[in-house]
Amino acid sequence: VSSDLELMQGTLDVLVLRTLSWGSQHGYAVARWIKESSGETLIVEDRALYVALHRLEARGAVESEWGVSENNRKAKYYRLTPKGRAALRSETARWERYATAVARVLRTTPEWAS
Amino acid sequence: MISPRSWKRLVQRTGRHAIDDAVAAELEFHLRERTEALIREGLASHVARTQAEREFGDVAAARREIAALDRRRASRHGLRALWDAGLVDFHLALRGMAREPWFALTIVLTLALGIGANATMFGIVDRLMLRPPPHVHDDDRLRRVAFRVVEGGQEWVNISHSYPDYTALRADTGAVADVVAMTSRSIAYGRGERARRVKSLATTASLFRTVHVRPALGRFFGDDEDALPSGQPVTVLSHYFWNRELGGDSSVIGQSIDLLGRKITVIGVAPRGFRGLGSEGVDVFLPLSYLASIVQHDIWATERDWYWLDIVVARRRGVSDAALLPRLERIYRSNHADEGDRASITPILASVIPGRGPESSASDRVSVWLMGVAMMVLLIAVANVSNLLLTRASRRRRETSVRLALGVSSRRLAAQLIGESVLLASLGAVAALFVAVLGGTVIRALLLPDLAPDEPLIDRRVFAFAALLAVVCGVAAASAPVLFSRHIDLTQHLKLGEREGGGRRSRLQLGILIAQSAMALLLVIGATLFVRSLRNALGTDVGYETRQVLVATMDLASVGYDTVAESRFWDEARGRVAALPGVQSASLTVSAPFMSARAIGLRVEGLDTLPQLTDGGPYHNSVSSSFFETLGMRVIAGRGFRQSDDRDTPLVAVVNETLARALWPGASALGKCLYAGPEPERAPCSLIVGVVRDGRRFSLRRESSAQYYLSLDQHGWHPLGERTLMVRTRGAPARLAASVTGALQTLRSDLPYAEVRVMQSLLDRQIRPWRLGATLFAAFGGIALLLAAVGLFSVVSYQTAERTREVGVRLALGARTGQILSSVLLRGLASAGAGIVIALATTVALGRQLEPLLYDVSPHDVGLLAIATLTLLAVASVACLLPAIRAARVDPITALRTD
């Protein structure tokens, strides 16, 4: 199980950063958005999401502040720091390269198989 | 300082609980939002919460994991904040210093003097008492052997031993300890005109393996080269000597150098700084048996009553001192049976660190006192700085109130004050190192000339000590103003004028001032006591005119002269030196005062036994004509020796007062007969023709030893060839020293160096404790006075400035300037007065401790105490007078207009 989580980690980080790139959000909203925008395909355990948020904060990619939610509750809001914005850019690029490469391998038929 | 309460707050804010609570709140928000959403989707409320938690994962584990992440981040963040705050404080401190450069300079100089005095003394005390000699690492295993002897109500410590003591000890303790025997001796390096004196350490080969030292070059000598009867002519050079004399040339190994008038092979060079187990420098190491076979009488290895060796034992692993002591006692008793019967003898195993052994000198003890004195100087300096900071804190209290009101925490303010103070103290410590290097150089040259020359007094340990002092002083000096600023009442100070208030501060300041003047007076008292001691010591009438006489010696035995050749040489040398321009008279003596004393068999006409004499003796000396004139000894009855007393005239003798009084109380000694010689029964009569005044034998302190003199010219012989040439000069003797040295060393081609000294300098070592005490007490006392005066001046100035309005009112109401003047003056002097009372009480209480270190001075000498007290009062008056005059000149109108 732990190796699954580790595999997830980098991916989850990019998703979180991406979510926060539209503005400051609390953890619950981030979780919802990831779930909904992926068409419920990506099932992220909430626990992992919060760990990712706090780890990103420790790394200085996001910063947090207590605020008040839409229904008037005390909530912790996260937003990207410049460092986080830069991380998002480079991670996104890396992901696209990775995805393209994987896709190319999957679509190409080798000569010895044809 | 940060109080426990504020610590707790600090911990709470960033601590465990705060983080746990925040994490719990964040997760709870999520769960509640999710639960409500699930309910909106149609789940029953009790199922919804469970569902939300299931989706979340393990909530408790998540809390723990996230809190751990946050705590790690918080602690990193905390350190970062601390560092940032430190940088800000540093900038603030620098800005503050730039704004008030005089203020900063005063503090830095004050601390430079205080820390410098301590660094200097630490360097000395560390050298004398704390640190083993270089390359001696496990000094705890090494013990110097000594014996405490109590005989006939007198007690002394024997630190020198005979060679048979060494061999017996080695034979008996070989299994449990290594034994080293050594002696140091000045020997000749080179010959004839260029001959010079170098310091040799003659030692058994066991020294090197005992301290586990490795040679820098070549090898050390071994047991076979130190074997009886006469060892091998080999030498190990000290690193310092090798560099100084041979330019550090490594091809010197295997070559020979000219020592003791002989060719001696260099087999090795000791590592840098190695000087055996003593505190004095060593030039060359020689096998003990080799040196002894040359310079000692040929019975040196068997004679039990020649005490000339230092013995050190190195216990083997697991052996205690207690195991060695009984062996020592047994050996000593069997080797010295006659003494053992009469006396009680206790063996001592002492530290090899020079100042801690049983022979620790008065200089060592004075040094310890001086370390205490230096500490007092530092206390005064810190008190001064504290006072200055306090004054400024008081000046700035409106600024401080504003900052507090703006929300700067008082903890930050305290940290700033401490930081600034430590910064100033560090600058002070840097300046102090210059003071210490300078002071160390001066002290070493003037007061401790025997210390090994290649070892700096100011080294890494002193640096570390100064750094430590800087931090301690910085924190200590800041504590008073911190204490003060904690009690600033915001509203009161914002409302009040700049010049009001400060009652707490003035109580603190008054206490500091009183302590300062008490300590300053104590040091001034110490200085007067030691200066008086030194004056007494220098002015002591030892019975000779020591400042008019040169003393010349040459170690002829070491270059192979026998007794006859030696005495022939000296007769010739006397004639040559007496003919030098500027020389008034020259005389030979077998024993010279402060250098040696001898006794031989004596029989006195009309007496069966000699009376018991308190200072020993009677001592014998053989001197040539004009001896008494040369030394300026007054003949009080009869006559001294004349040139006409020669081999053809009847034998004559001269006695001193003490002997005359002891042998013939109430009667004249003139005309009586002395029979002196190895066999007094067969000795011829020497007729007493004169009585001379007593002169000291060894000690500067009062001693009256019975002494008689025979004429060297009449006997023409003496069992010993050794002579000392005493030379009386017309002008200052030091100016003739070089020409006397030249005349002696050029008389033959094979001579060793001649040592020519002013007779007074023979007393230097005895006078040194008082010279050391007087010089440093005076220096420290002066610094203390200066610092105390600066402290008093700054506080009184500030107080009078604070009272400008009050003074203005009084002047406006018709007070005369005289009244203002005296009121300021009295207020300032009151603190000095309280300090004086404390200091005098302390002197009365502690004086007895100091008394053994003084010379003919009572620590309760009323005259000296009065002088010291008046000095302090005078300095304090000057310090108060300047601000008092300024206060009296206040213009009432201006004063009343200030805020």
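Everything numeric in this text was worked out from a predicted model, so none of it was measured.
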Report which part of [X] has an atom under 4.5 Å of a heavy atom belonging to chain A: side chain, backbone, both, or neither.
{"X": "B:Leu31", "result": "neither"}
{"X": "B:Glu65", "result": "side chain"}
{"X": "B:Glu36", "result": "side chain"}

Minimal non-hydrogen separation, A:His54 against B:Leu69, with atom names
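Looking at all heavy atoms of both residues, the closest pair is CB-CD1, 4.0 Å.
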For A:Arg47 versus B:Ala62, what's the shortest heavy-atom pair and its separation?
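So the two residues come closest at CG-CB, 3.6 Å.
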Hey, could you give me the CZ/CG distance between A:Arg55 and B:Asp70, rounded to the nearest 0.5 Å?
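That separation rounds to 12.0 Å.
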State the CG-NE2 distance between A:Leu49 and B:His30, to the nearest 0.5 angstrom.
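Taking CG in A:Leu49 and NE2 in B:His30, the distance rounds to 7.5 Å.
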Max heavy-atom pair count under 4.5 Å with chain A, selected residue of B:Arg72, B:Arg32, B:Arg34
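When all of B:Arg72, B:Arg32, B:Arg34 are compared, B:Arg34 has the most.
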Chain B-proximal positions within residues 16-24 of chain A [heavy-atom distance under 4.5 Å]
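So far as heavy atoms go, nothing in residues 16-24 of chain A approaches chain B to under 4.5 Å.
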Portion of A:Ala31 that has a non-hydrogen atom of chain B nearer than 4.5 angstrom
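Side chain of A:Ala31 only, per the 4.5 Å heavy-atom cut-off to chain B.
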Does B:Glu33 have any side chain to side chain contact (heavy atoms under 4.5 Å, CB included) partners at least two apart in sequence or in another chain, and if so, which?
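By the side chain to side chain contact (heavy atoms under 4.5 Å, CB included) rule, B:Glu33 matches A:Tyr28, A:Ser69, A:Asn71, A:Arg73, B:Phe29.
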Test A:Tyr50 against B:Glu26 for side-chain contact (heavy atoms from CB on, under 4.5 Å), laying out the working first.
CA-CA 9 Å; A:Tyr50 277 92; B:Glu26 186 182 11; 3.5 Å; yes
